[in-house]
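The structure under discussion appears below in the form of structure tokens.
A note on names: the letters A, B, ... follow the listed sequences, proteins ahead of strands, and every chain is numbered from 1.
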Amino acid sequence: MSGTAAASSPPLLEVRGLQKFFPITRGFLQRVVGHVRAVDGVDFTLAEGETLGLVGESGCGKTTASRCILRAIDPTGGSILYRTRDGRTVDLATLAPRELLPLRAEIQMIFQDPFGSLNPRMTLLDNVGEPLLVNGMGNRRERADRVAELLRLVGLRPEFMHRFPHAFSGGQRQRIGIARALATNPRLVVADEPVSALDVSIQAQVLNLLLELQARLKLTFLFVAHDLSVVRHISDRIAVMYVGQLVELARTDALFRRPQHPYTAALMRAVPAADPRVRSDDAILAGEVPSPAAPPQGCYFNPRCRHAQQRCRVEAPALREIAPGHFSRCHFAGEMEF
Amino acid sequence: MALDRPMAVASTLRPLLSVRNLRVSFALDEGLVRAVDGTSFDVMPGQVLGVVGESGCGKSVTMRAILQLVERPGRITAGEIHFRRRPPNGGDEDSAETVDIARLPPRGPVMRDIRGGEIALIPQEPMAAFSPVHTVGDQIVEAILLHGQRWQEGGRKLTRREARDITVGLFRDVGISMPEQRIDAFSWQLSGGLRQRAMIAMALSCKPRLLIADEPTTAIDVTTQAQVLALLRDLQARHGTAIIFITHDLGVIAQMASYVVVMYLGRVMEEGPVDDIFHAPRHPYTRALLRSIPSLYGETRVALPVISGALPHPFNRPPGCPFHPRCPDVMTKCPGAVPSLQPVGTSQLASCFLHHDVVDAG
């Protein structure tokens with residue numbers, strides 16, 4: 001639905017060549033001896049009202065990339081162009097902290113751990129109202145009204161606002177975290193593994209809530225997760241990361257119909273099918289994810305790729321468009337079935 | 001009463017492990033938590049039994065009870081855990097002695113022999129399960145020396161050197177490359193996948209008759225998970241070890257188990273062969289659980305069918321059938337009585353009044 005919107009209006013967010021290196025230091029003088037290239041080459045756009053899923057295994061840099069977009073950490077290189085509510089386009093990557101401040105209300109985050117992300121000493125009123133307080137929105141009376149409205153929005157009773165987080169289950173706490181993220185009326189919401197800590201029966205409730213809120217509030221989601229079936233369910237488009245790089249980006253249906261990167265294909269095959277009649281044990285991806293401090297020569301995926309050829313070992317592939325809107329970082333994308 | 005459950009399934013084979021009406025309670029200041037509330041199931045020799053359930057369903061506490069590892073203030077309050085022990089001196093199965101683990105003192109010599117020697121555990125978090133101050137090799141060698149008779153039929157004690165060689169062989173067996181070097185590594189030097197492989201090597205080190213895998217792949221990535229699952233399947237096929245596989249991931253269950261037990265709030269809701277559980281589920285909870293997971297094939301960006309409500313707090317157990325407050329098919333009698341686990345159809349068992357009227361007497 002939002003794929004067409006992407007073509008007509010300028011994107012809400014445009015990430016170009018995003019990089020984040022962490023220095024490796026050694027010795028008494030903390031001499032820098034190398035860099036962990038946690039994020040090294042991430043490019044994507046995000047249209048208003050769209051959900052982009054960012055998937056990859058642990059250590060692939062998906063969380064680091066999302067933190068860079070929030071400017072929770074400062075990126076090493078690249079640009080993060082964001083179209084503000086009043087129509088200006090700013091580069092979040094280089095914006096001074098003072099200029100960033102008014103934009104904080106527009107970009108919010110939903111966290112993974114519903115237990116660690118709420119202050120146990122604060123009531124729901126204070127937890128959910130905190131973003132309003134720090135952004136100087138309303139007096140105490142108005143904040144209480146807004147919190148009541150938010151709690152209703154996420155399916156909790158407004159009377160709960162004087163209780164503390166410990167009185168709530170994991171699923172309810174995740175709803176509280178969502179209410180807090182929505183307090184300042186954000187346009188872009190970064191959700192980092194928002195359902196992975198929840199039980200199966202609760203996971204579906206929270207996914208439904210996110211879809212419903214998006215439709216109602218015209219939210220744009222960057223949905224970071226490792227569970228392919230969850231990401232597939234919620235995303236319009238999916239970006240796959242491997243060792244700090246974006247290796248494939250496509251519309252959800254196109255990605256699943258015909259993955260154009262062998263890593264994406266391997267990732268899909270590794271998901272155990274919830275049907276005993278489907279045996280999903282053919283061609284398991286061997287080996288391990290290389291260290292982002294010392295990635296292999298050529299294509300980062302070549303040591304584990306069953307299609308790897310001489311060219312893959314020496315020449316690093318660039319991200320290129322295989323079909324309209326379908327990008328892959330593989331020399332043989334478009335020529336081979338993975 | 002304890003053995004009243006009909007043995008409809010595989011009556012020709014004698015079970016290796018038979019849990020009957022097991023109850024485990026935790027007496028806390030705030031009240032009594034009935035973590036396991038009348039659970040019964042069997043494990044056949046060489047079978048992979050899948051146990052599924054959400055948090056608080058009692059699956060992990062049940063496994064701790066089987067190993068007599070329930071910690072204070074928890075206590076096994078009722079029920080039996082019959083385990084058929086290894087026949088002495090390599091004798092045939094008929095000479096095997098059956099013990100009731102629930103009656104054994106947790107620190108007694110028999111339990112110590114069984115725990116690790118005959119029933120081994122693969123825990124969820126291999127990082128927490130290995131000691132960080134000893135090498136993984138030393139920890140496995142220690143286990144082999146403790147249960148040394150498994151390797152030396154003549155009754156002679158194994159030397160440390162021999163135990164080390166066995167460990168290297170085990171490492172090779174579970175697919176760890178360069179085993180001679182890796183054996184001297186500390187657990188924190190190994191990647192998640194290698195650590196879990198080392199844990200499996202440790203669990204196999206004493207040639208157990210029953211392996212309990214408690215969410216063994218929950219903490220690791222999907223491609224590593226596929227490797228570990230393939231390894232477990234392969235080891236199971238080669239050694240014929242019975243495995244109890246506990247997970248909340250229905251995909252993992254579908255791919256690993258031949259027989260499935262579905263638990264909710266300390267009770268078995270339904271059990272049956274894996275194909276029947278996935279393609280002809282009888283209990284409303286099983287049906288709802290299967291519907292609520294997003295698949296790799298279904299329609300995207302539409303509302304998923306959900307199980308309404310939340311898992312009840314352990315202090316507020318609902319009366320009657322534990323699932324009734326969330327059940328789409330709830331009837332007037334459900335809050336009043338607990339349904340017992342009864343045969344439904346030819347191969348399944350379900351505890352639901354939709355299928356029978358038998359009330360659980362316990």
### Query
In terms of ring plane angle, is the pair A/F301 and A/H261 parallel, tilted or perpendicular, where the classes change at 30° and 60°?
tilted

### Query
Parallel, tilted or perpendicular for B/W188 and B/F186, by the 30°/60° rule?
parallel

### Message
Does atom CD (B/E299) have a neighbourhood of more than 12 heavy atoms from anything else shown, all under 6.0 Å?
### Response
no

Do you know which of [options] has the most heavy-atom pairs under 4.5 Å to chain A?
options	answer
B/G175, B/S258, B/G56, B/G309	B/G309
B/I220, B/I307, B/L296, B/V306	B/L296
B/S177, B/P294, B/A310	B/P294
B/S191, B/G251, B/G193	B/G251
B/V274, B/L229, B/D275	B/D275

Which answer fits [X], side chain, backbone, both or neither, if we ask what part of it has an atom under 4.5 Å from a heavy atom of chain B?
X	result
A/L228	both
A/E288	side chain
A/S169	side chain
A/D199	both
A/R304	side chain

### Summary
Assert top hit (heavy-atom pairs under 4.5 Å, partner chain B, pool A/A204, A/S201, A/G287) equals A/S201

Is it the case that the side chains of [Y] and [X] hold a donor-acceptor pair, with the cut-off being a distance below 3.5 Å and no angle test?
X	Y	answer
A/Q260	A/S328	no
B/Y259	B/Q47	no
B/Q348	B/E270	yes
A/Q112	A/S196	yes

### Query
To the nearest 0.5 Å, how far apart are CZ in B/R233 and CZ in A/R279?
6.5 Å

Using a strict cut-off of less than 4.0 Å between a Lys/Arg side-chain nitrogen and an Asp/Glu carboxylate oxygen, indicate whether [X] and [Y] qualify as a salt bridge.
X	Y	answer
B/K59	B/E215	yes
A/K218	A/E48	no
B/D173	B/R238	yes
A/D236	A/R251	no

Checking [X] against chain A: side chain, backbone, both or neither under 4.5 Å from a heavy atom?
X	value
B/Q227	both
B/S308	backbone
B/R291	neither

### Message
Given the ring of A/F256, does A/R232 sit roughly above its face, with NZ or CZ under 6.0 Å from the centre of the six-membered ring and within 45° of the axis?
### Response
yes

### Query
Can you pull out the residues in residues 276-286 of chain B with any heavy atom less than 4.5 Å from chain A?
B/F278, B/H279

